[in-house]
Amino acid sequence: MNMFCYQCQEASKGLGCEVKGVCGKTPEVSALQDLLIYQIKGLSHYTTALRALNIENDTANRFITESLFMTITNANFDHSRFVLRIREGFKLRSQLKAALHEKNVVLPQTELLTWSAITAGEMEEIAEYVGVLATENEDVRSLRELVIYGLKGMAAYLEHASNLGYFDTEIHAFTQRALVATTDDSLTADELTALVLETGKMGVQVMALLDKANTTSYGNPEITKVNLGVRKNPGILISGHDLKDMEELLKQTEGTGVDVYTHSEMLPANYYPAFKKYSHFVGNYGGAWWSQVTDFETFNGVVLFTTNCIVPPRKTATYVDRVYTTGASGFPGFKHIAEGEGKPKDFSGLIQHAQSFASPTEIETGEIVGGFAHAQVFALADKIVDAVKSGAIRKFFVMAGCDGRMKGRSYYTDFATKLPKDTVILTAGCAKYRYNKLPLGDIGGIPRVLDAGQCNDSFSLVMIALKLKEVFELNDINELPIAYNIAWYEQKAVIVLLALLSLGVKNIHLGPTLPAFLSPNVAKVLVDNFGIAPIGSVDEDMKLFLN
Ligand code: FSO
Ligand code: SF4
């Protein structure tokens with residue numbers, strides 16, 4: 001069976017995965033993901049038509065958002081979940097069609113709106129004709145996919161916000177309008193480029209919404225020393241990005257004798273005041289997402305994935321039967337915790353399971369410092385501004401984004417190590433694991449690595465840049481002494497990048513490689529208009545950035 005996917009940085013040979021995903025995605029799952037995206041494009045035709053009649057369908061909004069999220073790299077490898085979801089999509093389509101019918105509206109019944117398939121085999125057969133390569137013109141394909149990948153990242157953040165009770169219908173409306181636009185053959189490359197930029201603008205809006213949801217629910221992140229060692233109790237290791245799951249897990253583990261540790265992108269949970277009050281919340285265990293293959297072995301206890309990034313366990317892995325997924329994430333062989341349907345999710349089975357294991361094996365000791373989201377940095381603004389004025393801080397380097405397993409990513413460790421001592425790194429996302437445990441020191445008490453949080457907290461970095469622009473009375477954000485050297489891996493990084501572009505940030509360096517989904521012409525538009533460039537060697541880039 002053939003597949004084609006080029007949505008992440010690990011796309012095979014820098015072109016696309018055609019036999020099996022480098023991430024471990026099978027051709028069968030890839031086909032179902034393609035079909036699910038095709039299905040939500042069709043559903044979006046209906047929801048957009050209903051919206052024109054002032055009818056909002058919350059079930060469809062949620063379905064479309066979750067479906068986008070489920071197809072993000074490394075989020076869900078579970079074939080059966082996709083089959084069930086596509087069947088669910090048919091039911092939803094009938095309901096939406098009936099609702100339109102009631103208003104005497106009938107959409108032209110094209111293939112996109114009429115296809116059906118019941119068995120997995122039938123679904124996979126249809127998928128062959130609807131995937132990425134169904135768009136023949138490589139520039140149109142590139143722009144359409146750029147929009148869709150941005151929407152996937154946006155969906156992830158929207159989902160986290162809505163889990164905390166924060167909604168924004170405008171973001172749903174945009175998502176669905178954009179999905180419809182990717183099926184419109186009459187749109188020109190210029191119109192699609194404008195849609196890409198609009199996607200970035202909505203990216204800012206969704207990150208602002210999630211920031212509000214997180215900080216209103218759990219307080220503003222504050223400077224925190226995060227413990228890296230272990231205690232003697234059995235533990236649960238929580239990974240991914242969903243803070244609502246984090247809260248529920250902490251509540252439900254209280255008094256059970258089970259400790260809670262964060263992994264990878266859940267590390268910033270340690271910075272929130274509302275979570276610090278739990279005495280059984282111990283700290284962070286291990287490194288970035290890809291180190292799970294060894295971290296989960298030595299952790300000994302139960303693991304909970306709330307989102308991507310999942311690495312398929314090696315054949316010799318001993319942890320498979322103690323890993324759980326929830327939300328959009330899934331993996332065949334891992335147990336899945338269902339939604340609470342109006343009530344909190346039930347983690348009791350997982351907690352009981354955790355009680356039967358030994359405590360984690362210590363793999364490191366000490367602590368790391370983080371919690372430099374916008375409110376905390378604003379509280380230090382005077383100190384930072386003085387340091388810039390006196391020359392103690394020469395330049396800031398935004399090194400946000402993702403980590404990954406490619407060897408070339410050692411560039412970021414080398415770059416951070418070689419940065420002169422009068423520079424400060426602003427980071428967010430799992431990219432930080434390339435340098436957050438290095439002894440980089442501080443400048444007059446300001447750590448040289450300021451970690452704002454998860455990838456979505458890149459929003460904080462934008463707020464910090466805007467604040468500095470205001471303080472220094474500059475006209476343009478690009479006049480600030482800030483350089484952008486960003487690492488990407490999956491589609492959340494795509495929306496962060498588009499958001500930065502929509503705010504007018506120029507000359508972003510992107511690595512370790514440029515996206516395979518940028519056709520030469522689309523890449524040229526980004527280079528010409530925004531000065532986007534690939535990374536070079538550490539020494540060359542250092543010279544370039546510092547001059
Ligand atoms: Fe990383 Fe994975 Fe947060 Fe991504 S853990 S790579 S950009 O999911 O979302 O930073
Ligand atoms: Fe390949 Fe990335 Fe797609 Fe996985 S998500 S199949 S690694 S391009």
Side-chain angles (χ1 to χ4, degrees), residues 2-34 37 69-77 131-133 145 148-150 152-157 159-160 203 207 210 238-243 262-269 286-292 295 305-312 327-329 399-406 409 427-434 436 451-459 486-499 510 513 515-517:
N2 290 331
M3 65 178 277
F4 184 79
C5 178
Y6 64 173
Q7 67 176 354
C8 85
Q9 191 273 325
E10 286 189 344
S12 180
K13 301 191 184 92
L15 296 170
C17 298
E18 293 182 306
V19 182
K20 190 178 179 192
V22 173
C23 59
K25 182 161 82 173
T26 62
E28 290 78 13
V29 169
S30 183
L32 295 179
Q33 292 191 355
D34 286 349
I37 295 294
F69 195 179
M70 282 176 75
T71 65
I72 277 188
T73 299
N74 275 343
N76 201 315
F77 296 83
V132 172
L133 297 178
E145 294 306 315
I148 291 173
Y149 303 154
K152 289 187 183 194
M154 203 187 288
Y157 297 155
E159 175 85 7
H160 296 312
M207 280 192 269
L210 181 53
I238 175 169
S239 189
H241 304 70
D242 198 280
L243 295 187
T262 54
H263 191 254
S264 190
E265 270 286 72
M266 201 52 97
L267 158 66
W289 61 272
W290 56 272
S291 67
Q292 63 191 257
D295 294 343
F305 274 106
T306 64
T307 66
N308 56 333
C309 288
I310 299 174
V311 181
S329 65
M399 290 176 70
C402 323
D403 197 12
R405 36 197 165 185
M406 260 181 81
R409 286 186 187 256
T427 192
C430 57
K432 65 170 82 71
Y433 284 96
R434 287 282 164 181
N436 67 345
D451 176 22
Q454 298 180 334
C455 44
N456 40 290
D457 295 310
S458 300
F459 176 73
I486 288 179
W488 83 287
Y489 172 56
E490 43 89 351
Q491 298 78 55
K492 291 183 219 174
V494 174
I495 194 61
V496 170
L497 178 71
L498 295 181
L510 193 62
T513 54
F517 54 80

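In listed order, ligands and their atoms are each counted from 1. If you read the sequence from its start, that first residue is 1, and numbering goes on from there.
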State the NZ-CG distance between Lys492 and Asn308, to the nearest 0.5 angstrom. 4.0 Å
Contact check, His241 vs ligand 1, heavy-atom distance below 4.0 Å: yes
Distance only, no hydrogens: is a donor on one side chain within 3.5 Å (strictly under) of an acceptor on the other, for Gln7 and Lys152? yes
Checking the side chain of Thr307 only, and the main-chain atoms of His241 only, is there a donor and an acceptor separated by less than 3.5 Å? yes
Is the Tyr6 ring parallel, tilted or perpendicular to the Tyr149 ring (thresholds 30°, 60°)? perpendicular
Separation between SG (Cys5) and NZ (Lys25), nearest 0.5 Å, reads 3.5 Å
Under 2.8 Å from atom 2 (Fe) of ligand 1, which protein atoms of type N, O or S occur, listed by chain and number? Cys309 SG
Sub-3.5 Å donor-acceptor pair from the side chain of Gln491 to the main-chain atoms of Thr73, do we have one? yes
Are the side chain of Glu490 and the backbone of Cys8 linked by a donor-acceptor contact shorter than 3.5 Å? no
Residues in the immediate environment of ligand 2 (any heavy atom closer than 4.0 angstrom): Met3, Cys5, Tyr6, Gln7, Cys8, Ala11, Cys17, Gly21, Val22, Cys23, Lys25, Thr73
Check whether Arg409 reaches the backbone of Ala431 with its side chain - one donor and one acceptor, N or O, closer than 3.5 Å. no
So, Gln292 side chain and Trp289 main chain: donor-acceptor pair closer than 3.5 Å or not? yes
For Asn456 and His160, does a side-chain donor sit closer than 3.5 Å to a side-chain acceptor? no
